[in-house]
Amino acid sequence: MQTISENKSFGGVQGVYSHASKACNCEMTFGLFLPDAAKIAPVPVIWFLSGLTCTHENAMVKAGMQAWAAEYGVAVVFPDTSPRGDGVADDDAYDLGKGAGFYVNATQEPWAPHFQMYDYIVSELPDLLAAEFAIDPSRQSITGHSMGGHGALTIAMSNPGRFKSVSAFAPICNPTESDWGKKQLTAYLGENPETWKAHDSTLIMRQTGFDGPVLIDTGTTDQFIDLLMPEALSQAMAARRQEGYFRMQKGYDHSYFFISTFMEDHISFHANALFGDDQ
């Protein structure tokens, strides 16, 4: 692992690091905010999975998480959204290839050699963080935006007991029925829709739900709302009687202005789950 940068932020340290990834077969970069409390003891961690076209940097710079993470004494990790490098397959479209890994393990060419983002987020990067930083792996929560909201929800529900809570900002809720999903799942996983179901939060919610609290925020004027299909997940949560909150925020769009507006709510929500009676 190499340190790219470390900057003091709200009493803690915002770092950027790179490492050779076995899962993705390339060099991967991630951001990590450690609050001052990490100098004393390992701290809980919140994962932020970003959306289409993003790198580790977008949320790290724009989401406003550090101030609230410092106040609550939690770390935040900002992974990249896909493998990178000259030898990594790509596509001219913004919604496939680099910046659009969709947090799945690709089985199809030319994507399979590098696009193993599910394993990277679920296994490789958590192991690295636990070994190198003052992170408490027994206290994790996860959130994300758009494609990253899809990733946060599907990963949380597919790994019971791993995450204390899950939230999402404007998630892609039903990718097996949306053009933000059908295209990418076909490219990465093949043409059989049965292989897509494990990566659709609406379908997983209907089948198993999540073993903790859920918080979803989507803007009513989100320019991509027809692709996100929030109504599908809302109905699945209600049918499942899932513990949680599903909120449509009047007048907000898909941008980081929307994300930063409700970030305090999400950090507080996760801190309540991570600290429990200690908070």
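Side-chain atoms are counted along with the backbone in the values below, which use heavy atoms only and exclude waters and symmetry mates.
For the pair Val43 and Val74, the minimum side-chain heavy-atom distance is 4.5 Å or more. Looking at Leu203 and Gln207, their side chains never come closer than 4.5 Å, going by heavy atoms from C-beta outward. Within the 4.5 Å cutoff, the side chain of Ile259 has no heavy atoms near those of the Lys62 side chain. In this structure the side chain of Ile216 never reaches within 4.5 angstrom of the side chain of Pro230, judged on heavy atoms. Residues Arg247 and Asp265 form a side-chain contact, since some pair of their non-hydrogen atoms from C-beta on lies under 4.5 Å apart.
Hydrophobic clustering (ILVMFWY, side-chain heavy atoms < 4.5 Å, transitive): Tyr245 and Met237 are in distinct clusters. The hydrophobic clustering, which links ILVMFWY residues whose side-chain heavy atoms are closer than 4.5 Å, places Val214 and Phe246 together. Both Tyr72 and Val76 are members of a single hydrophobic cluster when ILVMFWY side chains are connected at heavy-atom separations under 4.5 Å. No chain of hydrophobic side-chain contacts below 4.5 Å, direct or via other Ile, Leu, Val, Met, Phe, Trp or Tyr residues, connects Ile155 to Phe78. If you chain together hydrophobic residues whose side chains sit under 4.5 Å apart, Phe210 and Tyr103 fall into the same group.
Glu6 pairs with exactly one of Leu34, Val16, Val13, Leu32 by the side chain to side chain contact (heavy atoms under 4.5 Å, CB included) rule, that one being Val13. Screening Phe257, Phe262, Phe169 against Tyr252 for a ring pair (Phe, Tyr, Trp, His ring centres under 6.0 Å) leaves a single residue, Phe262.
Gln66 places no side-chain N or O within donor-acceptor distance of the main-chain N or O of Val61, the cut-off being under 3.5 Å. Side-chain N or O atoms of Gln242 include one that pairs as donor or acceptor with a backbone N or O of Gly212 at under 3.5 Å. With hydrogens and angles disregarded, no donor-acceptor distance shorter than 3.5 Å links the side chain of Glu27 to the backbone of Gly85. Side chain of Thr220 to backbone of Met248: no donor-acceptor contact under 3.5 angstrom is found. Remark: side-chain polar atoms of Ser167 are not paired, donor with acceptor, to backbone N or O of Thr143 under 3.5 angstrom. Remark: side-chain polar atoms of Ser260 are paired, donor with acceptor, to backbone N or O of Tyr256 under 3.5 angstrom. A donor-acceptor pair under 3.5 Å is formed between the side chain of Asn105 and the backbone N or O of Asp119. Counting only distance, with no hydrogens or angles, the side chain of Ser268 and the backbone of Glu264 share no donor-acceptor pair below 3.5 Å. The backbone N or O of Arg240 sits nowhere less than 3.5 Å from a side-chain atom of Arg206 that would complete a donor-acceptor pair. The main-chain N or O of Cys26 is never found under 3.5 Å from a side-chain atom of Ser21 such that the two would form a donor-acceptor pair.
Ring geometry, Phe30 versus Tyr17: the interplanar angle falls from 30° to 60°, so the pair is classed tilted. Between Phe102 and Tyr188, the ring-plane angle classifies as tilted under the 30° and 60° cut-offs.
Here the CG-NZ distance, from Asp80 to Lys98, works out to 11.0 Å after rounding to the nearest 0.5 Å. A distance of 5.5 Å separates CG of Leu227 from CH2 of Trp180, quoted to the nearest 0.5 Å. To the nearest 0.5 Å, the span separating SG on Cys173 from CG on Leu153 amounts to 7.0 Å. Distance check, rounded to the nearest 0.5 Å: CH2 of Trp196 to CD of Gln184 gives 10.0 Å. Atom-to-atom distance recorded for Asp36:CG and Ser9:OG is 11.5 Å, nearest 0.5 angstrom. Between atom NE2 of residue His266 and atom CG of residue Leu215 there is a gap of 4.0 Å, rounded to the nearest 0.5 Å.
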> Taking it one step at a time, do Phe33 and Met65 satisfy side chain to side chain contact (heavy atoms under 4.5 Å, CB included)?
Replying inline: CA-CA 9 Å; Phe33 174 75; Met65 295 187 78; over 6 Å; no
>> Let's go through Lys182 and Asp179 carefully: what are the C-alpha distance in whole Å and the side-chain angles of both, what is the deciding distance for salt bridge (charged side-chain N to carboxylate O under 4.0 Å, His left out) to 0.1 Å, and is it a yes or a no?
In response: CA-CA 5 Å; Lys182 288 181 179 180; Asp179 288 340; 5.4 Å; no
>> Assess the residue pair His270 and Ser165 against the criterion (side-chain hydrogen bond (donor to acceptor under 3.5 Å, both in side chains)); give the C-alpha distance rounded to whole Å, side-chain angles, the decisive distance to 0.1 Å, and a yes or no.
In response: CA-CA 6 Å; His270 290 302; Ser165 52; 2.6 Å; yes
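For Tyr94, the OH atom is densely surrounded, since the number of other residues' heavy atoms within 6.0 Å is greater than 12. Enclosure of atom CD in Glu191 is not indicated, since only 12 or fewer non-hydrogen atoms of other residues, nucleotides or ligands lie within 6.0 angstrom. Counting non-hydrogen atoms of neighbouring residues, nucleotides and ligands closer than 6.0 angstrom, the CD atom of Gln2 reaches no more than 12 such neighbours.
Residues Asp253 and Ser255 share a closest heavy-atom pair of OD1-OG, 2.7 Å. Here the closest heavy-atom approach between residue Pro42 and residue Asp136 is recorded as CB-N, 3.9 Å.
The six-membered or imidazole ring of Phe258 lies away from that of His145, with a centre-to-centre distance of 6.0 Å or more.
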Name every donor-acceptor pair, under 3.5 Å, that has one atom in a side chain of residues 47-56 and the other anywhere in the protein, sequence neighbours excluded.
from  : atom 1 : to     : atom 2 : distance (Å)
Trp47 : NE1    : Gln140 : OE1    : 2.8
Thr55 : OG1    : Glu57  : N      : 3.0

